[in-house]
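Any value given below was found using the heavy atoms of this structure, including those in side chains, with hydrogens, waters and symmetry copies removed. Residue numbers run from 1 in the order of the sequence given.
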Amino acid sequence: MGYEAILVFFIAGVFLVVLANFLSNLISHKSENPAKKEPYECGIETIGPTWVQFKVGYYLFAILFLLFDIEIAFLVPWAVVFKEIGTVALVEILIFLFILGLGLAYAWKKRALKWE
């Protein structure tokens, strides 16, 4: 098996996604009722324009949070097998944390962590 199998899976995946979207558009009920555009169980009516711009800093802060939050997803399995692997695991995690620390230092230098 070579790249042909990967190509077949890719084509099958694209075909299934396109087919699912086509069938959902074909079968779904379309309604242009004005009540459809009302807020549904999500609080009070908005006052003023609802399409407002957010500062890019919020998104940057959120992405940095996700980056360092996902780090825990890598640290937990490492902690589980640490005793079995020993010193090699310690060296690997120190390299991982060093690279992560470089990313944190870069974000700090660029003032990405400053909430303004």
Next on the checklist: As an exercise, state the distance from CG of L64 to CH2 of W108, rounded to the nearest 0.5 Å.
Outcome noted: 13.0 Å
Next on the checklist: Is there a path of hydrophobic side-chain contacts, each under 4.5 Å between heavy atoms of I/L/V/M/F/W/Y residues, joining I63 to I72?
Outcome noted: no
Next on the checklist: A side-chain contact here means heavy atoms from C-beta on lying under 4.5 Å apart; do L97 and E71 qualify?
Outcome noted: yes
Next on the checklist: Applying a strict under-4.5 Å side-chain criterion to I, L, V, M, F, W and Y, I'd like to know whether I99 and L66 cluster together.
Outcome noted: no
Item to check | Spacing of CD belonging to E4 relative to CG belonging to L7, to within rounding of 0.5 Å | outcome: 8.0 Å
Checklist entry - Counting only heavy atoms not in F10, do more than 12 sit closer than 6.0 Å to its CZ atom? => result no
Identify each donor-acceptor pair in which a side-chain atom of residues 15-24 lies under 3.5 Å from a protein atom, sequence neighbours left out, and give them as a table.
from	atom 1	to	atom 2	distance (Å)
N21	ND2	V17	O	3.4
S24	OG	A20	O	3.4
S24	OG	N21	O	2.9

Checklist outcome for this item: When rounded to the nearest 0.5 Å, the distance separating CZ of F68 from CG of L104 is 4.5 Å
Next on the checklist: For V80, give me all partners under side-chain contact (heavy atoms from CB on, under 4.5 Å), at least two apart in sequence or on another chain.
Outcome noted: none
Next on the checklist: Is there a path of hydrophobic side-chain contacts, each under 4.5 Å between heavy atoms, that joins I70 and L75?
Outcome noted: yes
Checklist entry - Do I85 and V91 share a hydrophobic cluster (ILVMFWY, side-chain heavy atoms under 4.5 Å, transitive)? => result no
Checklist entry - Are there more than 12 heavy atoms of other residues, nucleotides or ligands under 6.0 Å from atom CZ of F74? => result no
Checklist entry - Any donor and acceptor pair, going by atom type alone, linking the side chain of W78 with main-chain N or O of I93 inside 3.5 Å? => result no
